[in-house]
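We're numbering straight along the sequence, starting at 1.
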Amino acid sequence: MAKGRIVLSSSVSGALISEDEKQRVWGRYALVRQLASVALMEIVERRLPGTLLGPAGEGIDGWLYASLDGVPERYAASWMAAPFGKSDGIADGFRELLAAAIDRMMTAVPRERLAYREHGDLEKLLGAALPAIRYVLMISADLLGHCAFAEEPPLGRTNVLRDTLDRAGLRAWFDVYSSDLARFHHRSGRWESFEEFLAFNIHAERLLMTVGMFVWEAPEGVRVEVPLGTDLNSLFGRMRRG
């Protein structure tokens, strides 16, 4: 039987009984998000029994979904909790987190990819890339779910997030991701199969491609290609300096 539990940190429980109204609002919002997450577990389990405790999929499907597990639920939890928080402040916070997460992904992963050319340890490279990609997917879902309920533009009034997405070449992807999450959310509790969850794998693939990594399924299992051409300029620069 799938079960969930709610654990509140002292900062959240303290905020709930604070004399500061802003702190109480924040504490309530944090609590409601956790309650929503537990509710979503029940919705999934009722509609697709055994899904939460079963394997996500075989081969490349399961491999990719490991970076996406919980993404649709994060969107829904953010949507449900939106009316319990200060909309502008929450959305701006998510935008700042997302911009920072994208910049970090676009800086840290290429650096690790260049190091991979020397050590050849693919698992080490994936250990840096997959968590960075997962964080971008999660924070994006948080922002998009909140903005969908609040009916406000996800990019906000400033150009910070817009410029970050443009630098990474992810502006169009962000719009598609938003549409896919909204469509999935509208079908909440009416899903036909777990294939609807696995459809989000394409977004993990898209971010992997953004950082120069391509995944496919071969007869011997999941393969990840890291084309040498992606780092040719950096490698030539090293040779000239050497």
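Side chain of R190 to main chain of H186: a donor-acceptor pair is present (N/O by atom type, distance under 3.5 Å, no hydrogens or angles). Side-chain atoms of R24 never come within 3.5 Å of backbone atoms of A15 as a donor-acceptor pair (strictly under, hydrogens ignored). With R223 contributing its side chain and A218 its backbone, the two residues share no donor-acceptor pair below 3.5 Å. Judged by distance alone, the side chain of R74 and the main-chain N or O of L143 form no donor-acceptor pair under 3.5 Å. A distance-only check finds a donor-acceptor pair linking the side chain of T51 to the backbone of L48 [under 3.5 Å].
Within the structure, salt bridge (charged side-chain N to carboxylate O under 4.0 Å, His left out) pairs that include any residue of residues 199-212 do not occur (at least two apart or interchain). For residues 3-13, there are no salt bridge (charged side-chain N to carboxylate O under 4.0 Å, His left out) pairs, not counting sequence neighbours.
In this structure N159 satisfies the side chain to side chain donor-acceptor pair (under 3.5 Å) test together with R162, sequence neighbours excluded. The side chain to side chain donor-acceptor pair (under 3.5 Å) test applied to H146 returns S87, not counting sequence neighbours. For R187, the side chain to side chain donor-acceptor pair (under 3.5 Å) partners are E196, not counting sequence neighbours. Take D175 and apply the side chain to side chain donor-acceptor pair (under 3.5 Å) test, not counting sequence neighbours, and it matches no residue.
R95 and D142 are not joined by a salt bridge, as no carboxylate oxygen comes within less than 4.0 angstrom of a charged side-chain nitrogen. Classification of R113 and E225 as a salt-bridged pair fails, no side-chain N sitting under 4.0 Å from a carboxylate O. One finds no salt bridge joining R134 and D69 here, because no Lys/Arg side-chain nitrogen approaches an Asp/Glu carboxylate oxygen to under 4.0 Å.
Residue M213 is tested with I133, L130, L125 for a side-chain contact (heavy atoms from CB on, under 4.5 Å); the sole match is L125. Of the residues I202, V71, L207, the one that meets the side-chain contact (heavy atoms from CB on, under 4.5 Å) test with Y177 is V71.
The hydrophobic cluster containing M80 does not contain V32, counting ILVMFWY residues as joined when their side-chain heavy atoms lie under 4.5 angstrom apart, directly or transitively.
Looking at V222 and L64, their side chains never come closer than 4.5 Å, going by heavy atoms from C-beta outward. The shortest side-chain heavy-atom distance between V211 and M106 falls under the 4.5 Å cut-off. Two residues are said to be in side-chain contact when any heavy atoms from C-beta on lie closer than 4.5 Å; L97 and Y135 meet this criterion. With contacts defined as side-chain heavy-atom distances shorter than 4.5 Å, the pair E112/Y116 does not qualify. Counting heavy atoms from C-beta outward, V136 and R104 have side chains that stay 4.5 Å or more apart. Side chains of F94 and S140 form no contact here, defined as non-hydrogen atoms less than 4.5 Å apart.
Note that CG of L165 is 4.5 Å distant from CD1 of I102, once rounded to the nearest 0.5 Å. The structure places CG of L98 at 5.0 Å from CG of L161, a figure rounded to the nearest 0.5 Å. Taken from CZ in F149 to CD in E151, the straight-line distance is 8.5 Å, to the nearest 0.5 Å. Separation of atoms OH (Y75) and CG (L144) is listed at 6.5 Å; rounding is to 0.5 Å. Note that the CG atom of L8 and the CD1 atom of I6 stand 7.0 Å from one another [nearest 0.5 Å]. Note that OG of S67 and NE2 of H203 are 13.5 Å apart. Values are rounded to the nearest 0.5 Å.
With a 6.0 Å radius and a threshold of 12 heavy atoms from other residues, nucleotides or ligands, E217 has its CD atom above the threshold. Enclosure of atom CD in E21 by more than 12 non-hydrogen atoms of other residues, nucleotides or ligands within 6.0 angstrom is indicated.
Closest of all the heavy-atom pairs between S188 and I43 is OG-CG2, 4.0 Å.
Using cut-offs of 30° and 60° on the angle between ring planes, the pair F197 and F184 is perpendicular.
Ring centroid separation for the pair F194 and Y65 comes in under the 6.0 Å cut-off.
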